[in-house]
Amino acid sequence: MTSVAPGAPRAFDALIIGAGFSGLYQLLCLRDRLGLSVQVLEAAGGVGGTWYWNRYPGARCDSESHAYCYSFSEELMQEWEWSERYPEQPEIMRYLNHVADRFDLKKDIRFNTRVIAAEYDEAANRWRVRTETGAAFTAKFLVTAVGCLSTANVPNIPGLDDFAGKWYHTGQWPHEGVDFTGKRVGIIGTGSTGIQAIPVIAETAAHLTVFQRTANYSVPARNAPLTPEFKQWVRDNAAEIRRVTQATPNGHPFTISERLALEIAPEERQAIYEAAWEKGGLQFRAAFQDLLVDKAANDTASAFIRGKIREIVKDPETAAKLSDIDHPYAAKRPPIDTDYFETFNRPNVTLVDVRTTPIERIVPEGIRTREGDYPLDIIVFATGFDAMTGPLLRLNIRGRNGLELAEAWAAGPRNYLGLQVAGFPNLFTVTGPGSPSVLCNMPVAIEQHVEWITACIGHMRAEGLERIEPAPEAVEAWVKQVNAAADATLLPQATHSWYLGANVPGKPRVFMPYAGGMAHYRQICADVAAKGYEGFALSR
Ligand code: N01
């Protein structure tokens, strides 16, 4: 940590933490639409948020590019052109830098500035924020735009410090890249990240050992360059694409079928799954309406994918390990891939099932499981994140009377609409727990939150209101709604998923995102605002 002589804190109307999709748009809205003085504080050396850090091999968004972007500016939508069906990490970085430059945002962002504490000063009605470099800031409004998947989770496996090779977490990937040529590589984790990285690492590594704890479904992404005709179609239909993403439960540019999986003949169902498999991508989940609510319907999808795995993977023992999946399809975030299962047919790839033969420790030479040692030069942790609450809790936020957010959320996140926490006035959390966020195509969720927050602050200024925070009863009712929405789906049945916080030892098991659908949630937020911010206490 660099120490800087403490100067007088710099004062702004609003402080925003984070310069990813959320922070950039929040800056634009508060500065250019409301005319506020705004400072963005960003730990990274550039814009990009989660994409700044996740530079692992194969990093690509699973949302289709024509909807993985902002929709607030018609000009921006017309001038930007994506090159492939799914945007690769460097292209997303180019896009976000383009947005930041086009709207002249960078001049109000302080990079390499990690926030280490934020405290609400009730007498002054201001947030006091400190950074790792010793700089101090104050503002009436504090907006966290820290993302949901930005706190890397490196499992506490004994012996890591003694490992003689190099190790990396996918979410903190070195900017200069990693050369796997001729190396013996081990990768732990077969979530969306591992499934993207494994085929790419296997291409250059001498040998890749995949340590799988929980087998996972995956559907081919079918990535490809976009044709000139499709690019033109996107330009001509920008408004319609926006309408669809805002009308669907998950913010993607496709609608979910109204068919029920069990109401049609098995042959017809099989043909629909085959077509969806060929089309590829997250659309597979939309083949039937009831896949996430009816276990019997879900079983048809999971049986289809298991069958595909067994068809693709030639070694029956490996195929059995890969298809022995213990949760309903899409109850964990469903990965999509490019040649994931095919990769296990390569002679330089081995699958180790660490559920039956757990990792015991890391030794200087590699990874030791109950069954034996795997000598390695490089270990890749594709082990996910302390999701949703992690990025907020590490900011050390204290509200009224010094109440720590970590204390307020000791039993799991509690807030209203995922936007505000009782006892933390004028603090807004973009895509916080309790909002659809990670269950939605993120830019769609982000735009809705940012616009709602902007309208709320605009309303406060117009009415001469100084303070907003949720009423405890509104929080109570919202937490119940979040739980009820999850319980109406199969999502909680994946008991080890990060949606439940189950991937981080000691984290409360609470289903964090709002599973009632983005379109429904959008309506709830709009109704709350229309009723004079019902459930919030606003004061002068
Ligand atoms: O992380 P994960 P991720 N020993 O938590 C395993 C988004 N995303 O980075 O399931 C052994 O899903 C763990 O095993 P288990 C997307 O929302 C988006 O892959 O806990 N294994 C699991 O296999 C996604 O859901 C995109 O038994 C251990 C894996 O590590 C989210 O990020 C791309 C272990 C972690 O899977 C997180 O995905 C990629 C241990 N001690 C990701 N600890 C795009 O759209 C953990 N594991 C671009």
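Atoms within each ligand, like the ligands themselves, are counted from 1 in listed order. In this chain, residues are counted from 1 in sequence order.
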Under the ring-ring contact (aromatic ring centres under 6.0 Å, His included) test, residues paired with His520 that sit two or more places apart: none
Can you list every pair where an N/O of ligand 1 is under 3.5 Å from an N/O on the protein?
unit_1   : atom_1 : unit_2 : atom_2 : d
ligand 1 : 9 (O)  : Thr193 : OG1    : 2.6
ligand 1 : 10 (O) : Thr214 : OG1    : 3.3
ligand 1 : 10 (O) : Lys332 : NZ     : 2.8
ligand 1 : 19 (O) : Ser192 : N      : 3.1
ligand 1 : 19 (O) : Thr193 : N      : 2.9
ligand 1 : 19 (O) : Thr193 : OG1    : 3.3
ligand 1 : 20 (O) : Arg213 : NH2    : 2.9
ligand 1 : 23 (O) : Thr190 : N      : 2.9
ligand 1 : 25 (O) : Trp498 : NE1    : 2.9
ligand 1 : 27 (O) : Arg213 : NE     : 2.8
ligand 1 : 27 (O) : Thr214 : OG1    : 2.4
ligand 1 : 30 (O) : Ala382 : O      : 3.3
ligand 1 : 45 (O) : Asp62  : N      : 2.9
ligand 1 : 45 (O) : Arg333 : NH2    : 3.1

Atom CD of Glu317 with >12 non-hydrogen neighbours under 6.0 angstrom: no
Tyr168: ring-ring contact (aromatic ring centres under 6.0 Å, His included) partners, not counting sequence neighbours: Trp173
In a table with atom names and distances, give each donor-acceptor pair under 3.5 Å that connects a side chain of residues 279-299 to protein atoms at least two apart or in another chain.
unit_1 : atom_1 : unit_2 : atom_2 : d
Gln283 : NE2    : Glu64  : OE2    : 3.1
Asp290 : OD1    : Ala261 : N      : 3.0
Asp290 : OD2    : Ala261 : N      : 3.3
Asp294 : OD1    : Ala296 : N      : 2.9
Asp294 : OD1    : Ala297 : N      : 3.4
Lys295 : NZ     : Asp299 : OD1    : 2.7
Asn298 : OD1    : Tyr329 : N      : 2.8
Asn298 : ND2    : Leu291 : O      : 2.7
Asn298 : ND2    : Tyr329 : O      : 2.8

Proximity of Trp82 and Tyr68 rings by center, below 6.0 Å: no
Axial cation check for Tyr52 ring with Arg55, 6.0 Å and 45° limits: yes
